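The structure appears below as structure tokens.
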Amino acid sequence: MKERSDFLLEVGCEEIPAGLLPGAIRDIQQILEKHFGELGLREGATIRAVGAPRRIAVMVEGLLLRQADSLKEILGPPKSVGFDKVGAPTRAAESFAQKQNVPLDQISIVTTPKGEYLAYKQKIVGRVTSEILTESLSQWIQELAFPRAMYWTSKTGPKFTRPIRWIVALLDGKVVPHSLADVFSGNATSGHRFLGKRSIPLHGVADYLSALRKNFVMADPAERRKRIESQLHSVPHARKLQVHADPGLVDLTSYLNEFPTVIMGDFDPSYLELPDEILLTVMRDHQKYFGVEDKAGNLTPHFLAVINLENDAKNLVRAGHEKVLAARFADARFFWETDQKHPLAEYLPKLALVTYESRLGTYGDKVERMRQIARWIAEQWFSSGYHQADVSGADRAAELAKCDLVTDMVREFTELQGIVGGLYAQVQGEPEAVASAVYDHYRPVGLDDPIPRSITGCIVSLADKIDSIVACYAIGAIPSGSSDPFALRRAALGVAKIIFELQLPLSLAQLVGAASKALEERAPKRKVDSEVEKSVIEFLLERAKYILRERRGFAYDEVNAVFAAGADDLVDAAQRLSAVQAIRHTKDFEPLASAFKRIRKIVEKAGSNGPGMTGKLSAVRGELLEKGAEKDLHQAAIRVRDQATAEKRQGRYREALEAIAELRPSVDKYFDDVMVMVEGEDLRNNRLTMLGGLLKEFSTIADFSELVTADT
């Protein structure tokens, strides 16, 4: 019998939604990797999952065909019980051997942490892989988790994202018998629904991809994507045009089709009078089409569609796509013209009829809260030197920001909310800053999305996001697990991203306070207590930490150290973080950080109400300081404190940290020569006061005890 062979699993079903397919491919590979690993069959094997709309498959090469034999040690009674004083076996030893169904001479003595015991080393014969698969494969397939699954045999039967139509399970070229949802495994797959054979016999991994390819199925997503990208370039290039870049749509179409082919269609050039954003949204989000541009980047009256066919020789498919797109564009033009019969501001009363959240009122209420917060932020901008901030402009932009939600265009094309409002504001003569702010105020949607282009846009975006966060926290609608219906995590990331990129010295506590005040004034029954505000600030800080760690490359402990010292001003925290990163690996700094860990442990051990917790350098009693290391440290600390304080006031955090690092020799000498926890209460408390003062005075840039050092 061969030691290794290949295993092929394919689950064929009705079309799997494109959004679910990438996750299913990833998960089925991880499931088989886990089980084959636990069973001892995976060593030396390669496992690769692929998939297309009508199938999910795993190809395993070099799978062990049986488990290795193993030994299982079964413990019996202690040696002192199994043998008497002269070494003769007792009844307990004989019973243990009989229970294992072996003669007494196969019982051994082993040493354990609890002493010597009788033991039997039982040989476990490895199972044949085919038997394991027959027994377990159906269960493994059902481990695939889908957001929505369906059953079609019975309410107690197995569930899957779509009805299963066939199963291929081949080990060493032979069918592994098993069934799932009344479908029995076999060796035949199915080709393209219209172009391929309905039953294609397979021999295993070696011919799987090629057999499907001959029947117009590209099972490998990477191969489909490569084909789409190639044709998106070549098809318009023949007419000296180019595709409007859209990597996300390339991903989507590669999971929508089994045999993708790109075709070009045309539309009436008069539709180019509509804004590009509307045309591209209609093409992309509703039809999955790509826009086509000239070499200068201007849209042209053409589109690219990815069809699930080898070609469109008679142009029938193209004609159908052109007809559908023409109807969509006609609707968009009608909405564009109809909506603009009224100025954008005239839609405001309708917002009072649209519920935002039953406990938080309508969108009209939200707009008024946004206006109040936006005015406050704009005023803060003035006070902090951002003189380009326009209070009245921010107020007007916040007033108009949500008006497009009740337009016909956004009702039909919801993806355009914000964008449509900005476009309408622009053509209706609103100031450019107001129009662009309305257009941008949902930005950034994600960390890779740009922030609003103008100061006014950033103000309105911050107002919208912080209002949503505070209001939802006030009613207990807090994100939990994967549930975040109001996208508060995304909003918090947006708040932090705007503050970081604009270098805005804005207090988070004051920002949250302004949003709380607006909520209480606009919803009198809705009070925001201090605990809610504290929770919101922590929520914002966690998102800010994520950005600093994952996007700006700061170490986990560096971020923790800086935020432990306070981070109400995120820009200031980022500056302190850069200083810590720059100096942490210098000669004196890490040893000093280690010393601060020691100081913290001593202070905490002395008690939460002890002098160390409330200590100040100015409160140290000089007459109790001993000459030498203790007095030297106190004098050095006073000198360094004054120097570091002067540097911090100028925002020169690296220079301040370098000054603090100069304390290292004095601190080392202190711990070498001085006993802190002496018997005399006055002396002990004075020393704890000085150590507490060191912690307090020199932990305002970063809490050094949070840094991971060599002795941690």
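A quick note: this is a predicted structure, and the numbers were derived from the prediction, not measured.
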> Are a donor atom and an acceptor atom from the side chains of S130 and R66 found within less than 3.5 Å of each other?
Replying inline: no
> Do H192 and E310 have side-chain atoms, one donor and one acceptor, less than 3.5 Å apart?
Replying inline: no
>> Checking R165 against S190 for the side chain to side chain donor-acceptor pair (under 3.5 Å) test, could you report, in this order, the C-alpha distance in whole Å, the side-chain angles of both residues, the deciding distance, and whether it holds?
In response: CA-CA 10 Å; R165 298 306 187 201; S190 180; over 6 Å; no
>> Please find the pair of heavy atoms, one from V445 and one from D449, that lie closest to each other, and give the distance.
In response: N-OD2, 2.9 Å
>> Is any side-chain heavy atom of V562 closer than 4.5 Å to one of L548?
In response: no
> Is there a side-chain contact between T161 and R148 (heavy atoms, below 4.5 Å)?
Replying inline: no
>> On the six-membered ring of F500, is R552 placed so that its NZ or CZ lies under 6.0 angstrom from the centre and within 45° of the ring axis?
In response: yes
> Salt bridge or not for E14 and R193, using N-O below 4.0 Å?
Replying inline: yes
> So does Q106 have more than 12 non-hydrogen atoms from other groups sitting under 6.0 Å from CD?
Replying inline: yes
> Taking all atoms of both residues into account, what is the closest heavy-atom pair of V580 and A702, and its distance?
Replying inline: CG2-CB, 3.8 Å
> Going by an N to O cut-off under 4.0 Å, is there a salt bridge joining D220 and R48?
Replying inline: yes
>> Using 0.5 Å steps for rounding, measure from the CD1 atom of I16 to the CD1 atom of I56.
In response: 3.5 Å
>> Tell me if a side-chain donor or acceptor on K497 pairs with a main-chain N or O of L447 at a distance below 3.5 Å.
In response: yes
> Do F96 and I74 have side-chain heavy atoms sitting under 4.5 Å apart?
Replying inline: yes
> Are the side chains of D312 and T261 in touch, meaning some heavy atoms are under 4.5 Å apart?
Replying inline: no
> For K288, does the NZ atom have more than 12 heavy-atom neighbours from other residues, nucleotides or ligands under 6.0 Å away?
Replying inline: yes
> What pair of heavy atoms forms the shortest contact from L540 to A492, and how long is it?
Replying inline: CD2-CB, 3.8 Å
> For the atom pair NE2 (H203) and OH (Y208), what is the distance rounded to the nearest 0.5 Å?
Replying inline: 15.5 Å
> Counting only N and O atoms by type, is there a donor-acceptor contact under 3.5 Å from the side chain of D703 to the main-chain atoms of A561?
Replying inline: no
> Between A24 and F146, which heavy-atom pair has the shortest distance, and what is it?
Replying inline: CB-CE2, 3.8 Å
> Quick one: do R55 and E258 make a salt bridge, cutoff under 4.0 Å?
Replying inline: yes
> Looking only at atom types and distance, does a side-chain atom of S95 sit under 3.5 Å from a main-chain N or O of A92, one as donor and one as acceptor?
Replying inline: no
> Under 3.5 Å, is there a donor-acceptor pair between the side chain of R549 and the main chain of Y556?
Replying inline: no
>> Less than 4.5 Å apart, side chain to side chain, heavy atoms only: is that true for F290 and V306?
In response: yes
> Do you know the tightest heavy-atom contact between I25 and P221?
Replying inline: CD1-CG, 3.9 Å
> Is any NZ, NE, NH1 or NH2 atom of the basic residue among E229 and K226 found under 4.0 Å from an Asp or Glu carboxylate oxygen of the other?
Replying inline: no
> Side chains of F36 and W140: does their closest heavy-atom pair fall under 4.5 Å?
Replying inline: yes
> Can you tell if the side chain of E61 reaches within under 4.5 Å of the side chain of D6, non-hydrogen atoms only?
Replying inline: yes
>> Looking at every heavy atom in both L488 and C472, which two are closest together, and how far apart are they?
In response: CD1-CB, 3.6 Å
> Do R284 and H244 come close enough that some side-chain heavy atom pair is under 4.5 Å?
Replying inline: no
> Is the backbone N or O of S136 less than 3.5 Å from a side-chain atom of Q139, with the two atoms forming a donor-acceptor pair by type?
Replying inline: no
> Does G191 offer a backbone N or O that forms a donor-acceptor pair with the side chain of R54 under 3.5 Å?
Replying inline: yes
> Out of curiosity, L64 CG to S5 OG, how far, rounded to the nearest 0.5 Å?
Replying inline: 11.0 Å
>> Less than 4.0 angstrom from a charged side-chain N to a carboxylate O is my criterion; do K534 and E531 meet it?
In response: no
>> If I take atom CZ from residue F160 and atom CD from residue Q142, how far apart are they, to the nearest 0.5 angstrom?
In response: 9.5 Å
>> Is it true that T281 and E415 share a donor-acceptor pair across their side chains at a distance under 3.5 Å?
In response: no
> Can you say whether the rings of F539 and Y473 are parallel (under 30°), tilted (30 to 60°) or perpendicular (over 60°)?
Replying inline: tilted
>> Within 45 degrees of the ring normal and closer than 6.0 Å to the centroid, is that where the cationic atom of R584 sits relative to F704?
In response: no
>> Please check: side-chain N/O of R224 versus main-chain N/O of M218, any donor-acceptor pairing under 3.5 Å?
In response: yes
>> Between D448 and R551, does the salt bridge (charged side-chain N to carboxylate O under 4.0 Å, His left out) criterion hold? Intermediate values first, please.
In response: CA-CA 10 Å; D448 295 322; R551 293 307 179 99; 2.8 Å; yes
> How far does CG of D172 sit from OG1 of T129, to the nearest 0.5 angstrom?
Replying inline: 10.0 Å
> Is it true that atom CG of N101 has more than 12 heavy atoms of other residues, nucleotides or ligands lying nearer than 6.0 Å?
Replying inline: no
>> Treating K465 as the side-chain partner and R443 as the backbone partner, does any N or O pair qualify as donor plus acceptor under 3.5 Å?
In response: yes
> Got more than 12 heavy atoms from elsewhere within 6.0 Å of CZ, R127?
Replying inline: yes
>> Any side-chain to backbone donor/acceptor pair from N215 onto K197? Under 3.5 Å, distance only.
In response: yes
>> Please report the interatomic distance CD(E10) to OG1(T189), rounded to the nearest 0.5 Å.
In response: 3.5 Å
